[in-house]
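What follows is one structure encoded as structure tokens, with my remarks underneath.
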Amino acid sequence: QVQLVESGGGLVQAGGSLRLSCAASGRAFSSYHMGWFRQAPGKERAIVATINKSGGYTYYSDSVKGRFTISRDNAKNTVYLQMNSLKPEDTAVYFCAAGTTGGNLFAVDYWGQGTQVTVSS
């Protein structure tokens with residue numbers, strides 16, 4: 001199976017930036033679509049961004065489009081989420097995910113443990 005480990009979360013001020021990383025185990029990383037989701041206390045887990053197997057296609061939720069960038073390095077078995085112009089409403093636990101279907105129909109097969117992102121005003 002696939003194991004995913006997120007890193008890079010932390011506390012930043014509004015307008016600042018963070019870069020999240022998700023390291024995947026195994027040799028089959030390139031066979032999965034990858035995505036980032038987030039969940040705030042009392043809220044549903046929501047999709048943030050996805051990227052296809054080769055990295056040539058990306059999808060973003062409207063709330064982060066233009067501010068966040070998802071990318072992947074298949075040689076390093078790693079997916080990234082660059083977050084710029086952060087807002088307090090971006091505060092959440094961010095989860096990395098791997099799936100066999102991607103885009104806006106992303107179906108999660110594996111979850112990471114999550115990393116906390118807190119944006120102060």
Side-chain angles (χ1 to χ4, degrees):
Q1 63 175 334
V2 175
Q3 290 185 319
L4 306 171
V5 180
E6 302 97 332
S7 62
L11 174 64
V12 297
Q13 295 187 37
S17 298
L18 281 175
R19 190 192 195 199
L20 306 183
S21 298
C22 173
S25 66
R27 299 176 180 176
F29 178 73
S30 63
S31 69
Y32 290 95
H33 304 278
M34 300 297 296
W36 288 96
F37 294 72
R38 66 186 182 185
Q39 186 170 26
K43 301 291 184 66
E44 297 180 3
R45 190 171 298 187
I47 195 166
V48 175
T50 67
I51 188 166
N52 75 334
K53 298 173 182 179
S54 67
Y57 171 83
T58 57
Y59 166 83
Y60 298 93
S61 68
D62 289 341
S63 62
V64 307
K65 191 175 298 181
R67 298 188 297 121
F68 291 9
T69 302
I70 188 171
S71 62
R72 67 190 296 163
D73 187 339
N74 287 347
K76 296 181 178 180
N77 285 7
T78 302
V79 63
Y80 305 94
L81 185 68
Q82 178 67 46
M83 304 185 293
N84 298 326
S85 301
L86 283 162
K87 305 174 181 179
E89 52 262 44
D90 294 319
T91 295
V93 177
Y94 283 70
F95 297 89
C96 179
T100 53
T101 57
N104 64 334
L105 302 177
F106 198 100
V108 177
D109 293 330
Y110 302 97
W111 290 104
Q113 84 288 348
T115 186
Q116 177 71 46
V117 172
T118 302
V119 184
S120 62
S121 61

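If you're wondering where the values come from, they're calculated on a predicted model, not measured in any experiment. All heavy atoms count here, side chains included; hydrogens, waters and symmetry mates do not. For this chain, numbers begin at 1 and follow the sequence in order.
- The structure places CD of Q116 at 7.5 Å from OG1 of T91, a figure rounded to the nearest 0.5 Å.
- The two residues L18 and G8 come nearest to each other via the heavy atoms CD2-O, 3.7 Å.
- Clustering ILVMFWY residues whenever any of their side-chain heavy atoms sit less than 4.5 angstrom apart, transitively, puts L20 in the very cluster that holds Y110.
- Within 6.0 Å of atom CD in Q3, 12 or fewer heavy atoms from other residues, nucleotides or ligands are found, so the atom counts as exposed in its surroundings.
- F68 is not connected to F37 by any chain of hydrophobic side-chain contacts under 4.5 Å among Ile, Leu, Val, Met, Phe, Trp and Tyr, and they are in different clusters.
- Within the model, atoms CD of E6 and SG of C22 stand 5.5 Å from one another, a figure rounded to the nearest 0.5 Å.
- Atom CD1 of I47 is separated from atom CZ of F95 by 14.5 Å, given to the nearest 0.5 angstrom.
- Criterion: ILVMFWY side-chain heavy atoms under 4.5 Å apart, direct or through other members. Under it, Y80 and Y32 are not part of a common hydrophobic cluster.
- Closest approach of L4 to C96, counting heavy atoms only: CD1-O, 3.8 Å.
- In the hydrophobic cluster analysis, where Ile, Leu, Val, Met, Phe, Trp and Tyr join through side-chain heavy atoms closer than 4.5 angstrom, W111 is grouped apart from V79.
- Heavy-atom minimum distance, V117 versus M83: CG2-CE, 3.9 Å.
- Between S61 atom OG and W36 atom CH2 the span is 14.0 Å, to the nearest 0.5 Å.
- The CD1 atom of I70 sits 7.5 Å away from the OG1 atom of T58 when rounded to the nearest 0.5 Å.
- Here F106 and Y59 keep their ring centres 6.0 angstrom or further from each other.
- Looking only at distances, a side-chain donor or acceptor of N52 sits under 3.5 Å from a matching main-chain atom of Y57.
- Look at D62 and K65 and you find a salt bridge, because one of the NZ, NE, NH1 or NH2 atoms lies within 4.0 Å of a carboxylate O, short of that distance.
- Nearest heavy atoms, A14 versus P88: CB-CD, 4.1 Å.
- Follow the hydrophobic side-chain contacts under 4.5 Å out from I51 and you reach V2 in the same cluster.
- When atom types are taken as modelled, the side chain of D109 and the backbone of Q1 share no donor-acceptor pair closer than 3.5 angstrom.
- Side-chain atoms of M34 and F29, non-hydrogen and from C-beta on, do get closer than 4.5 Å to each other.
- One finds the OG1 atom of T50 at 7.5 Å from the CG atom of N104 (value rounded to the nearest 0.5 Å).
- Considering all non-hydrogen atoms of both residues, L81 and Y94 come closest at CD2-CD2, 4.1 Å.
- The two residues R38 and D90 come nearest to each other via the heavy atoms NH1-OD1, 2.9 Å.
- For E44, the CD atom counts as loosely surrounded, since its 6.0 Å shell holds 12 or fewer non-hydrogen atoms of other residues, nucleotides or ligands.
- Under the 3.5 Å distance criterion, the side-chain polar atoms of R67 are matched with a main-chain donor or acceptor of S85.
- Looking only at side-chain heavy atoms (C-beta outward), Q13 and S120 come within less than 4.5 Å of each other.
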